[in-house]
Trainee: 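Here's a structure for you.
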Number of protein chains: 2
Amino acid sequence: MSRAFNFCAGPATLPEAVLKQAQEEMLDWRGTGMSVMEMSHRSDEFVEIAETAEKDLRELAGVSDDYAVLFMQGGASSQFSTIPLNLLGDKTSADYVNTGIWSKKAIAEAKRYADVNVVASAEDNGFTSIPEQSSWRTNPDAAYLHYTPNETIGGLEYDFVPESGDVPLVADLSSTILSRPLDVSKFGLIYAGAQKNIGPSGLVVVFVRKDLLGKARKETPTMMNYQVIADNDSMYNTPATYSWYLAGLVFKWLKAQGGVEAMAEINSRKATKLYDFIDGNDFYANPIDPRFRSWMNVPFTLADDGLNGEFLKGADARGLLNLKGHRSVGGMRASIYNAMPEAGVDALIQYMTEFARERG
Amino acid sequence: MSRAFNFCAGPATLPEAVLKQAQEEMLDWRGTGMSVMEMSHRSDEFVEIAETAEKDLRELAGVSDDYAVLFMQGGASSQFSTIPLNLLGDKTSADYVNTGIWSKKAIAEAKRYADVNVVASAEDNGFTSIPEQSSWRTNPDAAYLHYTPNETIGGLEYDFVPESGDVPLVADLSSTILSRPLDVSKFGLIYAGAQKNIGPSGLVVVFVRKDLLGKARKETPTMMNYQVIADNDSMYNTPATYSWYLAGLVFKWLKAQGGVEAMAEINSRKATKLYDFIDGNDFYANPIDPRFRSWMNVPFTLADDGLNGEFLKGADARGLLNLKGHRSVGGMRASIYNAMPEAGVDALIQYMTEFARERG
């Protein structure tokens with residue numbers, strides 16, 4: 001088929017313009033006679049690619065020189081261990097907020113290294129709302145406060161940045177990075193697996209405030225030591241060069257769209273029209289507190305679960321792909337990251353309208 | 001320019017046919033309307049890609065069901081920690097052979113977790129020869145014996161597989177995997193960064209004997225726990241899907257060439273003609289004991305170091321790229337992995353002949 005609208009939660013759709021450029025450059029990057037994936041990571045050509053990507057990312061996300069920007073491997077799941085190993089220092093306890101499946105994974109891994117204090121949990125409300133910060137039982141002596149600004153599976157997104165005082169704030173931004181403006185200066189550390197809003201899987205981007213470096217526990221694998229990675233410009237060993245290059249193409253594309261301010265406008269419009277449609281139609285439902293609905297991941301259910309298979313089959317036939325919800329929650333989920341064109345959301349609403357009319 | 005001959009040690013040249021196929025499939029893999037890098041790692045399509053790659057790799061390398069085959073991230077450098085964390089079990093000591101820079105890196109990281117016993121070192125002979133195994137001071141109670149079959153920087157390669165008795169043998173096969181037949185059953189664990197003979201950087205392949213699983217130390221990050229990765233078919237988290245796909249294309253290409261037996265014949269021919277030329281010409285020299293010369297990485301020096309710059313410039317002009325030796329050893333290095341066509345070696349010898357005639 002021609003290019004479909006791919007609503008996968010990740011690895012996710014990429015901008016068609018980025019894929020086309022990668023395609024054109026596949027065998028010969030700018031007359032070098034090589035693909036980017038065949039270049040030495042220490043070559044002038046690749047170092048330029050890498051540095052440009054970092055510069056564009058800093059500009060897009062508003063990352064000051066107070067932070068190191070790292071291009072690491074192992075995905076956000078590796079960061080679940082890397083964070084306590086690096087940030088605990090001589091403390092023993094860390095604060096975590098539980099808002100869903102990804103929070104729980106981060107908590108489970110952190111418990112292997114730290115006394116984890118769950119300051120608040122959305123479990124009581126079925127993970128449909130974010131507990132008010134006034135109710136959080138934070139520990140002023142925690143090494144850091146970790147939260148998950150957007151739960152990719154549940155579709156639950158914070159509309160505020162928690163206040164953490166002197167405790168460094170740590171956030172898993174995998175599914176929302178670069179989707180809207182964010183005041184990075186409020187954070188001690190931000191990490192994001194690339195495969196949603198940045199590029200292909202196998203790359204994870206970390207912003208870490210430089211004063212937090214150098215405190216890794218002695219058992220920390222060298223490849224997980226932020227200080228080592230920062231000191232070596234993310235080239236302590238061979239990085240995931242091709243993924244880094246593709247991320248750079250995505251950053252250029254985002255700049256051409258007008259940066260995160262422009263993306264926020266588009267993303268807000270895409271999400272709002274989809275939620276408005278769901279709310280206005282008896283056949284579909286989304287359980288999340290409207291204040292905390294995710295702009296990136298929109299789960300929804302049909303009035304009759306027995307029609308799920310038929311709904312997905314019809315969607316596939318129209319090139320509306322990967323709408324099946326995560327196995328842990330069922331139903332449907334439309335992931336509408338930066339690279340999902342507004343036309344994709346329009347086509348989805350059109351299909352949902354027709355399906356509800358015919359089968360609802 | 002058109003495609004050059006790229007002698008880079010890694011990331012290294014890939015088969016042109018593989019890059020062309022990746023190029024063709026970039027925007028739409030087999031009519032799915034998606035790039036492989038946009039596919040869910042749990043989709044039927046990607047699972048088929050992943051399983052086919054593993055099956056082909058097992059067939060090419062001769063890996064039996066006694067071994068788990070893992071597709072991990074973080075490169076060989078991450079394995080330097082992963083190995084002691086997983087294999088020490090209740091032992092405290094591990095044996096290592098020191099034959100050059102990569103051995104030393106593996107040793108340095110292992111020392112952070114284990115009492116490292118260096119059973120033999122080529123330092124005494126300036127890393128030009130492999131110490132006879134009869135001289136090795138092995139520890140029968142070691143958790144494992146680690147060696148580096150090919151030193152990518154020094155160009156020093158074992159022509160034998162060490163006997164390790166009941167102690168599991170562990171090998172960093174990054175630069176020689178699939179370059180010639182190997183009896184995998186002699187090994188406890190084999191690991192290989194992909195960016196030399198397998199595919200793009202950001203992927204590391206591990207063969208681990210299943211009876212060695214399940215002994216990870218409690219501080220092991222979950223993403224470094226072989227048992228967890230094996231139990232989840234290398235999909236505990238999102239793997240480096242696009243790199244995995246490209247590796248699969250390389251495996252298909254290798255099978256089409258006739259597998260590792262055919263590659264061994266070609267690789268032997270390529271290396272032999274280059275070493276023969278170097279030995280037969282007073283202007284060039286290679287310091288390695290002929291018995292242990294690498295088939296994959298051929299370092300050489302010019303009679304006059306002052307001509308290095310001119311040599312490299314002339315090579316570049318002919319599309320013979322990345323011949324500069326590693327900064328730690330100087331001189332030149334031609335890496336001639338599986339994907340380097342014999343014509344590339346012929347073109348290099350032709351250029352070296354002319355350069356020596358004109359400037360020697």
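Only heavy atoms go into these numbers, but all of them, side chains included; no hydrogens, no water, no symmetry mates. Within every chain, numbering begins at 1; the chains are lettered A, B, ... in the order of the sequence lines, protein sequences first and strands thereafter.
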Trainee: Could you tell me which portion of A:Ala12 (side chain, backbone, both or neither) has an atom closer than 4.5 angstrom to a non-hydrogen atom of chain B?
Mentor: backbone
Trainee: What pair of heavy atoms forms the shortest contact from B:His41 to A:Pro11, and how long is it?
Mentor: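 Answer, listing the atom of B:His41 first, then A:Pro11: ND1-CD, 3.6 Å.
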Trainee: Hey, which of A:Pro84, A:Gly193, A:Ser77 has the most heavy atom pairs under 4.5 Å with chain B?
Mentor: A:Ser77
Trainee: Please name the pair of heavy atoms, one in A:Ala240 and one in B:Gly202, separated by the smallest distance, quoted to 0.1 Å.
Mentor: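 What the structure gives for the nearest pair is CB-CA, 4.0 Å.
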Trainee: With rounding to the nearest 0.5 angstrom, report the SG to CZ distance, B:Cys8 to A:Arg42.
Mentor: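 That separation rounds to 11.0 Å.
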Trainee: Calculate, to the nearest 0.5 Å, the distance between atoms CG and OG belonging to A:Asn237 and B:Ser201 respectively.
Mentor: 8.5 Å
Trainee: Any chance you could measure B:Ser81, atom OG, to A:Met224, atom CE, to the nearest 0.5 Å?
Mentor: 8.0 Å
Trainee: Distance from B:Ser40 atom OG to A:Phe7 atom CZ, nearest 0.5 Å?
Mentor: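 Going from OG on B:Ser40 over to CZ on A:Phe7, the span is 15.5 Å.
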Trainee: With a 4.5 Å cut-off on heavy-atom pairs, point out which of B:Val36, B:Thr222, B:Thr238, B:Thr241 contacts chain A the most.
Mentor: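 Option with the top pair count is B:Thr222.
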Trainee: Assess the side chains of A:Arg112 and B:Thr220: does a donor N or O sit below 3.5 Å from an acceptor N or O?
Mentor: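 There is no such pair between these side chains.
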Trainee: Looking only at heavy atoms, what is the nearest atom pair of B:Leu14 and A:Glu38, with distance?
Mentor: N-OE2, 2.6 Å
Trainee: I need the minimum non-hydrogen distance between B:Met26 and A:Tyr242, along with the two atoms involved.
Mentor: CE-OH, 3.6 Å
Trainee: Which bit of A:Glu24 is near chain B, if near means a heavy-atom gap under 4.5 Å: side chain, backbone, both or neither?
Mentor: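 For A:Glu24, the backbone is the part near chain B, not the side chain.
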Trainee: Could you tell me whether the side chain of A:Arg3 and the main chain of B:Met34 form a donor-acceptor pair under 3.5 Å?
Mentor: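 No: the side chain of A:Arg3 does not pair with the backbone of B:Met34.
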Trainee: Could you please state which residues from residues 323-341 of chain B sit under 4.5 angstrom from chain A, measuring non-hydrogen atom to non-hydrogen atom, sorted by number, or 'none'?
Mentor: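 Listed by number, the contacting residues are B:Arg327.
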Trainee: Under 4.5 Å from any heavy atom of chain B, what part of A:Pro221 do you find: side chain, backbone, both or neither?
Mentor: both
Trainee: With the threshold set at 4.0 Å, does a side-chain nitrogen-carboxylate oxygen contact exist between A:Glu219 and B:Lys218?
Mentor: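 No, this pair does not count.
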Trainee: Report which part of B:Gln23 has an atom under 4.5 Å of a heavy atom belonging to chain A: side chain, backbone, both, or neither.
Mentor: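 Both backbone and side chain.
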Trainee: Using 0.5 Å steps for rounding, measure from the CG atom of B:Leu203 to the CD atom of A:Gln73.
Mentor: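 B:Leu203 CG to A:Gln73 CD: 9.0 Å, rounded to 0.5 Å.
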Trainee: Within a strict 4.5 Å, meaning less than it, do heavy atoms of the A:Met39 and B:Asn322 side chains meet?
Mentor: no
Trainee: If you round to the nearest 0.5 Å, how far is OG1 of B:Thr32 from CG of A:Leu321?
Mentor: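 A:Leu321 atom CG to B:Thr32 atom OG1 measures 8.0 Å (nearest 0.5 Å).
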Trainee: Need one label for A:Ser243: side chain, backbone, both or neither, based on atoms under 4.5 Å from any heavy atom in chain B.
Mentor: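 Nothing of A:Ser243, per the 4.5 Å heavy-atom cut-off to chain B.
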